[in-house]
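Reminder, nothing fancy here: chain letters follow the sequence lines and each chain counts from 1. These numbers come from the heavy atoms of this one structure, side chains and all, not from hydrogens, waters or symmetry mates.
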Amino acid sequence: MAILKTEHLTYRYSPGTPFEKAAVSDVNLEIEEGAFVGVIGHTGSGKSTLIQHFNGLLRPSSGHVYLDGQDIWADKKKIRSVRFQVGLVFQYPEYQLFEETVFKDIAFGPTNMGMTPDEVKRAVEEAMEFVGLSASLAQKSPFDLSGGQKRRVAIAGVMAMRPRVLILDEPTAGLDPKGRDRILKQIRAFHDQTKTTVLLVSHSMEDIADYAEKALVMNHAKLFAYDTVESVFSRSKELEELGLSVPQITRVFHKLRADGMPVRENVYTIPYAIKDLMRQLPKKGGVPHDS
Amino acid sequence: MNQQITVNHVCFEYQREGEEPVLVLQDLNLSIQKGEFVAVLGHNGSGKSTLAKHFNALLLPTVGTVLVNGIDTTDENRLFDIRQQVGMVFQNPDNQIVATIVEEDVAFALENLGVPSAEIRRRVDDALRAVGMYEFRNHAPHQLSGGQKQRVAIAGILAMRPECIVLDEPTAMLDPKGRREVLKTITELNREHQTTIALITHYMEEAVQADRVVVVDHGKIVLEGTPKQVFSQVERLKELGLDVPQVTELCYLLRREGYDLPDDIITEEECVRALEALFAAQKGTTLGDSENGTFDVSI
């Protein structure tokens, strides 16, 4: 069953002025409960505008957004509960920390939701564990932490609200490879353990390939594709034309196929590439190059 | 004199009130030659940005010296010369653009320096052409994409006619197309205008384009060499919290499985060629199963 659904969703900036512009145009989409979706699109493609509709931060100019089959704008007073159910982590969320301690910062959302102090405590501890922050940091000021730790505090703040959908806008921007892998693994583990639906916006095709099951591609305010990662990356030519790309490994395999090598078409992760090559190239006891 | 930047036994520490001093750079030595393209890698907190800020006297060493074209960066009287010769580009293009029209932004520093207006016109046009943004000279910066804004920021530096440009993660906030545009601009400046480039980055595909890769960890240089020399050390890089290009990782893992592949593959083309050679070799052995199963490259 679709947890999120849009019908003819359109959003126009500056309506009625000469600057009127559709940022999202006639998007029809159904996201299944429990999916892990990578969201891609070049700057200005409309992907950020789209995700801000999912928790009611923006109201459609026309069309509808449904959460669990309910139009989220059917009753304006209920929009607050939508925001509790669909958690949104913005880009560079570490700039939004404000509390005196890590614990208080993460507890802010759950407290506002009306959880009891005991529930809040449990939710905060659980969220800290998900993002790998040791309990000893709870009473520290978030401003004394490293950049990567601050970002994980901000993500934990949304996880602690136990949303049914977690949306993250480029959670790895500016992180080094190790920090990037750590956060993505934690988000993946959170998804797997809690069955939360996750939408991850990223410019890294390698990250989408490694972590997401489905890919949502926006282009010029329109939905270009919503499909499995495999079928989306098989359209590499079109993606390149959209100013996007495919993982490096996928480009190599496309080249090999073009040159007539008997490899598979839709290869987008390294483990899969190795498997395919080892199938095609049985070992002959070759000795590796030295040096 | 061919040395653009020389870092001699530099230590840098800072201290917050009531806390122990933090040593960010530890007895670091590095020299960058004129016309060289050096990529600096390191995990967050390794000290690589602190090092970059020493290249044009934004930071001064606690111990040791930094020379820019032989000028000591602690020489306050020469600060203008140093900053004119070494320009910096930062991560967020929105923080670097000050004017409301692209060409005015590029002219900003020149106007401050009192350069005659005909000369400003010439230099601004040249700089915008060099980064491929000349057609956008009358646009407002907010109408541009991230990659275009970052190229305008680079043009603003170029207009000062620096010998060297230091870029601190210039593509971190850009989409794939913006990243490609900026990297192309950087490599062209280096190859066609002989501009010295120091590129700090987390993207290994960018570092592969450099003449030399320097890896910083805990305030020290721990690995240094051509991209091939550095990226062939897959395990060491992973220990340092870094990555290698996907093609390098693929060949590394296949080698570990016993396949006969070179250990210094860093580009897509090299990877495709090496894998195709493997297919050809196998065809040879299965057909004739002769000892001479591998491709004979001698003509």
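When side chains are defined from C-beta on, A:Lys178 does not count as touching B:His43, because their heavy atoms never get closer than 4.5 Å. Considering only heavy atoms from C-beta on, B:Gln282 comes within 4.5 Å of A:Pro282 through its side chain. Using a 4.5 Å cut-off on side-chain heavy atoms (C-beta onward), A:Pro177 and B:Met204 make contact. B:Glu276 is listed as a side-chain neighbour of A:Asp259, based on a closest heavy-atom distance under 4.5 Å. Under the 4.5 Å side-chain criterion, counting only non-hydrogen atoms from C-beta, B:Phe279 is in contact with A:Leu277.
Remark: side-chain polar atoms of B:Asp175 are paired, donor with acceptor, to backbone N or O of A:Thr43 under 3.5 angstrom.
Within a 6.0 Å sphere centred on NE2 of B:His139, other residues, nucleotides and ligands contribute more than 12 heavy atoms. A 6.0 Å sphere centred on NZ of B:Lys228 holds more than 12 heavy atoms belonging to other residues, nucleotides or ligands. Annotation for A:Phe143: atom CZ counts as buried by contact number, over 12 foreign heavy atoms lying within 6.0 Å. Heavy-atom contacts from other residues, nucleotides or ligands closer than 6.0 Å to CD of B:Glu235 number 12 or fewer.
Each of A:Ala173, A:Ser245, A:Gly148 has some count of heavy-atom pairs under 4.5 Å with chain B, and the biggest count is that of A:Ser245. Options A:Glu206, A:Gln248, A:Glu240 differ in how many heavy-atom pairs under 4.5 Å they form with chain B, and the most are formed by A:Gln248. Listed options A:Lys255, A:Met261, A:His42 were ranked by heavy-atom pairs under 4.5 angstrom with chain B; first place goes to A:Met261. Note: B:Gln246 leads B:Gln246, B:Lys177, B:Arg256 in heavy-atom pairs under 4.5 Å with chain A.
Looking at B:Arg179, only its side chain comes within 4.5 Å of chain A, counting heavy atoms on both sides. In this structure, no portion of B:Glu269 lies under 4.5 Å from any heavy atom of chain A. Both the backbone and the side chain of A:Pro247 come within less than 4.5 Å of a heavy atom of chain B. In this structure, chain A has a heavy atom under 4.5 Å from the side chain of B:Glu169, while its backbone stays farther away. For chain A, no part of B:Leu240 is nearby; none of its heavy atoms comes within less than 4.5 Å. For A:Glu170, no part sits under 4.5 Å from any heavy atom of chain B, backbone or side chain. For A:Met205, the part lying near chain B is the side chain, with the backbone staying farther off; criterion is any non-hydrogen pair under 4.5 Å.
Ion pairing between B:Asp243 and A:Arg180 holds under the 4.0 Å rule for side-chain N and carboxylate O.
Counting all heavy atoms, side chain and backbone alike, A:Ile270 lies closest to B:Glu249 at CD1-CG, 3.6 Å. Across every non-hydrogen atom of A:Leu175 and B:Asn44, the tightest pair is CA-ND2, 3.5 Å.
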Checklist entry - For B:Leu254 and A:Leu281, what are the C-alpha separation, side-chain angles and deciding distance, and is it a side chain to side chain contact (heavy atoms under 4.5 Å, CB included)? => result CA-CA 11 Å; B:Leu254 285 171; A:Leu281 292 164; over 6 Å; no
